[in-house]
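Proteins come first, then strands; the chains are lettered A, B, ... in the order of their sequence lines, and each starts at number 1.
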Amino acid sequence: MAELSKTYDPKAVEDRIYAWWEESGAFKPESQLYLDPDAGRFVITIPPPNVTGTLHMGHGLTSAIEDLMTRYHRMKGARTLWVPGTDHAGIATQAIVEKNLAKQGKRRQDMSRSDFLEEVWDWKEHSHKIITNQQKKLGISVDWSREAFTMDDKLSFAVRTAFKQLYDKGLIYRDTRMVNWDPVQLTGVSDLEVETEDEGEPGSLWFVRYPIQTNRWAGPRNDWGSGQWADGATEWITVATTRPETILGDTAVMVNPDDERYTHRVACRAILPAIGREVPIISDSAVDMSFGTGAVKVTPAHDFTDYDVGKRHHLNFVEVMDATARMNENAGPYAGLDRFACRKQLVADLEKEGLLVKVEPYMVKLGRGQRSGAVIEPRISLQWFCNMQGMAQAAGDAVREGRIKIVPERFEKVWFNWLDNIRDWCISRQLWWGHQIPVWYVKPSQQAGQPDGLNHLPTQYCALTEADAYREAIKDWGEGVALEQDPDVLDTWFSSGLWPFSTLGWPNDTADMRAYYPNTMLETGYDIIFFWVARMVMLGIELTGEAPFSTVYLHGLIRTADGKKMSKSRPDKAVDPLEMTDVYGADALRFYLVTAGAPGNDIKIDVKVVDGKKQVERIEGARNFANKLWNAARFVLSKLAAGEEQDRGRHPSLADQWIAARLSETIRDVRRLMDDYQYGEAGRLIYDFIWNDFCDWYLEFSKLSLNAGVLVQTLDAALRLLHPFMPYITEEIWQKLKEAAGGERRVPSFEFPALMLAPYPKAAEAQIPNLPSPIAAMASVQDAIRAIRNVRSEYNVPQDRRIPAQISAGNRRDTFEAMRDAIAMLARVDASALTIAESVPAPDQAVTLALGEATVYLPLAGLVDLAAEKKRLGDELAGIEAQISKSEALLASDFGKRAPAAVIEKEKAKLTDLQAKREQIQARLATM
RNA sequence: GGGGGCGUAGCUCAGUUGGUUAGAGCGUUGCGUUGACAUCGCAAAGGUCACAGGUUCGAGUCCUGUCGCUCCCACCA
């Protein structure tokens with residue numbers, strides 16, 4: 001048998017084990033060797049990382065939790081599939097590639113679409129390689145043979161099919177509307193992709209007065225910029241704005257109908273500064289009288305509210321900016337200026353013309369593009385939309401009716417709130433990277449050739465392929481028709497929304513669709529509940545008729561120590577998952593991540609930099625745990641190799657029965673917690689069992705009397721329990737254990753080739769019947785040992801000094817007798833001076849430990865004086881008596897009548913124990 | 001404007017159908033190292049569970065309010 005190194009070295013284990021798992025096909029559901037029909041299926045599809053670069057700690061958390069779930073269910077005997085894959089991440093990836101090209105002095109606009117896409121595909125390959133490599137390091141047990149990418153041929157076909165089905169139902173339509181426009185990325189984006197700072201950003205509120213047209217003053221007689229533009233005007237209306245440049249596009253001024261200050265102004269006309277356009281003053285209840293001056297400028301082409309106002313009041317829509325947010329020809333003297341340059345110039349000119357009343361500092365709620373950071377400009381454009389009303393209703397019902405369970409439950413409220421207020425989804429993007437919209441238009445030249453066509457024939461064809469589109473178009477337009485495909489691509493979340501079924505082969509009726517759809521679990525961060533989870537549910541129900549999964553588990557976000565999002569701008573506070581696996585090992589990182597917090601709660605990672613290396617205390621703690629387990633295994637293996645076991649397979653000792661009972665208890669609780677998604681709590685229980693029960697106590701007992709059978713069984717079960725949390729180290733140890741344990745020390749799980757394919761422990765299998773509660777019996781021995789240690793520490797008894805002890809053990813006499821050697825060793829008692837009896841006479845000059853079930857006397861001649869001991873016992877007695885009074889009062893109160901029997905029993909047992917201690921102390925005091 | 005979350009030991013956090021002595025890790029203090037492990041062992045100190053009410057025999061846990069921090073959603077210029 002190979003010797004184990006003195007400390008656990010993840011680097012010597014992880015890659016080797018992972019390669020072995022992968023090569024042996026252990027991640028594939030077809031390879032499962034242990035199946036329990038009652039366990040059903042477990043199917044989960046990975047939240048596909050964006051091919052934008054590398055993974056961050058959030059992906060580490062996702063991987064840790066999902067692999068934990070997957071390994072747990074696989075070991076429980078559920079038919080288990082975890083599908084991996086990546087997302088093309090349209091806008092984000094295109095932005096990165098454009099940025100990279102810019103470094104080489106290249107621009108997308110100077111390239112052909114296909115040349116640019118070639119660059120993106122190269123980047124995708126590059127990023128994909130890094131990502132999958134990182135995922136493998138983390139140990140995720142996904143079925144790589146089913147790996148998917150959102151722009152694979154099969155998935156692209158699913159996207160076109162979904163689009164066509166929705167189009168044919170009339171749920172997808174094209175319309176000219178106001179959308180959020182990113183003037184840097186030159187595309188429309190959805191509402192969700194616009195981010196605003198809660199407090200707003202520092203800006204100004206400009207108060208500008210517009211002259212009113214009167215009998216005496218019909219309009220400006222002098223040029224704008226002359227300083228005399230408004231000469232002669234006598235009446236004014238003052239508006240407040242945060243975006244002065246939009247004045248150029250104003251087509252009305254609006255006041256509240258109830259606002260008496262302005263009643264006489266309604267129906268008057270104001271003259272727009274700079275442009276000189278006459279604009280009506282209208283009244284609309286949308287105006288907040290208390291804000292600004294109570295008069296609002298209306299720019300229907302550049303503001304969402306004003307757009308609606310413009311529609312309501314049949315105003316003109318004057319666009320003053322182009323796609324890049326430069327002022328256009330409608331901006332008069334400012335044409336050609338950037339919007340912010342225009343703002344600056346216009347404000348200066350307004351001041352010069354005496355139209356700037358005042359400027360106040362103001363926190364502006366600026367919408368910024370999620371990816372570009374550019375200030376979003378509302379813009380009217382022709383886009384594709386998806387009607388969400390019906391789908392949102394269905395998605396809400398799925399949760400309301402319990403077909404989908406959201407964990408933690410509190411997110412249901414957010415879910416309903418968003419779905420109930422849903423707006424149509426702008427799904428087209430003016431990008432090149434993504435799924436091109438499967439709609440073909442008849443070329444305008446053709447339409448011109450057939451004058452009737454425009455009125456009677458369709459000019460757009462939604463089809464799965466260009467050939468299909470032609471087939472349809474030819475029917476209407478004849479053989480010579482020429483089509484061109486819509487140049488836009490779909491929002492990246494459209495394809496992500498199909499992910500749980502597009503990965504399984506939908507729309508085809510594949511074996512995987514039949515076997516693994518719907519999924520059972522969807523696990524992701526709560527930050528993409530709307531972007532992704534809601535869209536999957538809506539599209540899933542609409543397209544497949546079923547909710548795509550039955551449980552949604554949402555984890556928290558990874559944050560820096562000060563609670564901020566980890567960002568690349570603060571590299572000292574951010575931490576990379578691979579950096580941590582490199583320092584502490586994948587198991588340590590994973591154990592930390594799943595035990596760090598509670599479901600749905602954020603995790604703050606406190607990074608310390610020591611000698612240029614990043615350290616995280618809590619991951620270090622998990623690493624230490626791995627090492628502890630490693631050394632425990634080393635001990636077990638050395639004992640097996642030495643063949644010095646006693647009691648083999650025969651009478652299990654009290655210690656053996658105790659560890660088996662504790663194991664059984666732990667298994668029961670762990671399974672309950674795991675099934676209730678409380679992975680952190682489950683992990684802590686396993687940690688406690690391994691470190692405290694197994695290492696601190698049972699291995700110590702084993703040094704006196706070894707039962708190799710029980711030792712192997714216990715370690716085997718502990719490894720299986722821990723495997724979903726720390727897959728590598730447990731597999732490595734388990735393989736060694738299996739190799740070392742022959743013959744009758746073998747346990748059933750050794751029939752399986754890999755720990756990851758072995759069954760998860762069941763409580764029953766660890767139970768050794770017969771004795772009543774070995775846990776309670778052992779507890780009294782542990783109490784005694786701890787109490788003796790305590791006294792030794794208190795009286796500074798040197799570690800190497802063996803002391804005598806007399807134990808009056810009452811009906812625990814057999815228990816103490818059975819543990820005699822252990823007591824001697826662990827409490828460092830002189831074995832030849834250890835008396836255990838039902839009752840022993842109290843010796844003089846001894847410290848007395850009243851433990852309830854037993855009394856321990858430590859004759860520490862010379863170390864304790866009578867008076868001090870009397871005082872110590874007196875104090876203890878006082879404390880106990882206080883507790884007894886409290887307990888008695890409690891039992892005498894309504895508690896005794898109303899509390900459940902079990903609770904009362906517990907209280908009574910406590911009281912009995914206290915009374916026993918009191919008696920012991922009183923008896924002792926009486927003899928002193 | 002609406003809706004969440006958090007506030008528990010010096011620090012980071014657990015504590016899920018309310019059960020009466022509130023836990024862990026790290027840190028601190030004392031003792032300890034020739035045999036599984038110093039990435040360790042033994043022991044100790046340390047908390048009016050943010051605050052104020054309420055429900056209950058019983059509240060860290062449920063309800064109401066207040067304060068502080070934080071996040072999400074929302075078209076007040």
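Checking the phosphate oxygens (OP1, OP2) of A36(B), no side-chain nitrogen or oxygen of K628(A) falls inside 4.0 Å. The phosphate of A43(B) has OP1 or OP2 within less than 4.0 Å of a side-chain N or O from R789(A). A close approach under 4.0 Å does occur between a side-chain nitrogen or oxygen of K604(A) and OP1 or OP2 of C13(B). Listed pair K413(A) / G2(B) fails the phosphate criterion, with no side-chain N or O lying under 4.0 Å from OP1 or OP2. Within the structure, every side-chain polar atom (N or O) of N601(A) is placed at least 4.0 Å from both OP1 and OP2 of C13(B).
At a threshold of 4.0 angstrom between heavy atoms, the contacts of R410(A) are confined to the sugar-phosphate backbone, with no base atom among them. Across all strands, A598(A) comes closer than 4.0 Å only to sugar-phosphate atoms, never to a base (heavy-atom distances). Within 4.0 Å (heavy atoms only), Q883(A) reaches at least one base atom of the nucleic acid. Residue E700(A) is in base contact, counting any heavy-atom pair closer than 4.0 Å across all strands shown.
R410(A) is linked by a salt bridge (charged side-chain N to carboxylate O under 4.0 Å, His left out) to nothing, counting only residues two or more places apart in sequence or in another chain. For F531(A), the ring-ring contact (aromatic ring centres under 6.0 Å, His included) partners two or more places apart in sequence, or in a different chain, are W493(A). With sequence neighbours excluded, no residue forms a ring-ring contact (aromatic ring centres under 6.0 Å, His included) with Y677(A). Partners of N796(A) according to the side chain to side chain donor-acceptor pair (under 3.5 Å) rule, which considers only residues two or more places apart in sequence or in another chain, do not exist here. Applying the side-chain contact (heavy atoms from CB on, under 4.5 Å) rule to D258(A) yields the partners N256(A), M289(A); only residues at least two apart in sequence or on another chain are considered. Residues that satisfy the side chain to side chain donor-acceptor pair (under 3.5 Å) test with S283(A), not counting sequence neighbours, are absent from this structure. Y679(A) pairs by the ring-ring contact (aromatic ring centres under 6.0 Å, His included) definition with Y553(A), not counting sequence neighbours.
Between the P atom of U16(B) and the CG atom of D676(A) lies a distance of 11 Å, rounded to the nearest Å. Going from atom CG of N421(A) over to atom P of G1(B) covers 18 Å, rounded to whole Å. Separating the CG atom of D894(A) from the P atom of A59(B) is a distance of 13 Å, rounded to the nearest angstrom. For M726(A) and U39(B), the CE to C1' distance is 12 Å, given to the nearest whole Å. Distance I529(A) CD1 to G4(B) C1': 11 Å, rounded to the nearest Å. Atom NZ of K886(A) and atom C1' of U20(B) are 6 Å apart (whole Å). The nearest whole Å value for the distance from the CD1 atom in I785(A) to the P atom in C42(B) is 12 Å. The interatomic distance linking I605(A) (CD1) with C13(B) (C1') rounds to 13 Å, in whole Å.
The same atom, P, is picked in C13(B) and in U70(B); the two are 14 Å apart, to the nearest Å. To the nearest whole angstrom, the two C1' atoms, one in G25(B) and one in U8(B), are 15 Å apart. Here the separation of U64(B) from G2(B), taken at their P atoms, is 16 Å to the nearest Å. Taking atom C1' on both nucleotides, G47(B) is separated from A24(B) by 14 Å, rounded to a whole Å. Taking atom P on both nucleotides, C51(B) is separated from A59(B) by 15 Å, rounded to a whole Å. Nucleotides U16(B) and G23(B) have their P atoms positioned 14 Å apart, rounded to a whole Å. Across G19(B) and G60(B), the matching P atoms stand 10 Å from one another, rounded to whole Å. A distance of about 15 Å separates the C1' atoms of C6(B) and U61(B), rounded to the whole Å.
Considering NZ of K365(A) and CD of E201(A), their distance stands at 12.0 Å, rounded to 0.5 Å. The distance from atom CG of L557(A) to atom CG of N601(A), rounded to the nearest 0.5 Å, is 11.0 Å. Rounded to the nearest 0.5 angstrom, R618(A) CZ and K604(A) NZ are separated by 12.0 Å.
Interface remark: the K703(A) side chain does form a donor-acceptor pair with the A36(B) base, using a distance-only criterion of under 3.5 Å.
With G19(B), U12(B), A36(B) as the candidates, the nucleotide lying closest to the side chain of F635(A) is A36(B). The side chain of R684(A) approaches A14(B) more closely than any other nucleotide in the set U20(B), A14(B), A44(B).
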For RNA chain B, please output the secondary structure as dot-bracket, reading 5' to 3'. Pairs are Watson-Crick or G-U wobble, both atom distances under 3.5 Å; mark crossing pairs with [ ], other-strand partners with |, unpaired with a dot. ((((((((.[[[[.)...(...]]]].(((((.......))))).....[[[[[..)....]]]]])))))))....
For residues 621-629 of chain A, which side-chain N or O atoms pair as donor and acceptor with protein atoms under 3.5 Å away, sequence neighbours left out?
{"residue": "N627(A)", "atom": "OD1", "partner": "Y8(A)", "partner atom": "N", "Å": "2.9"}

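Using a 4.0 Å cut-off between a side-chain N of Lys or Arg and a carboxylate O of Asp or Glu, R261(A) and D259(A) qualify as a salt bridge.
Position along RNA chain B of the nearest nucleotide to Q678(A) versus K910(A) favours Q678(A) as the more 5'-ward residue. Along RNA chain B, the nucleotide nearest R634(A) and the nucleotide nearest W697(A) are compared for position; the residue whose nucleotide lies closer to the 5' end is R634(A).
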The contact string for nucleotides 69-77 of chain B, one letter per nucleotide 5' to 3', using protein heavy atoms under 4.0 Å with B, S and - for base, sugar-phosphate only and none, comes out as --SBSBBBB
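Among residues at least two apart or in separate chains, side-chain hydrogen bond (donor to acceptor under 3.5 Å, both in side chains) pairs with a member in residues 188-197 of chain A are N180(A)-D191(A), S190(A)-E193(A), D191(A)-R423(A), E193(A)-R429(A).
Relative to the six-membered ring of W206(A), R243(A) misses at least one condition, a distance below 6.0 Å or an angle of at most 45° to the axis.
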Listed pairs, N/O of protein and of nucleotides 26-32 of chain B, under 3.5 Å:
{"residue": "C26(B)", "atom": "O2'", "partner": "E617(A)", "partner atom": "OE1", "Å": "2.8"}
{"residue": "C26(B)", "atom": "O2'", "partner": "E617(A)", "partner atom": "OE2", "Å": "3.0"}

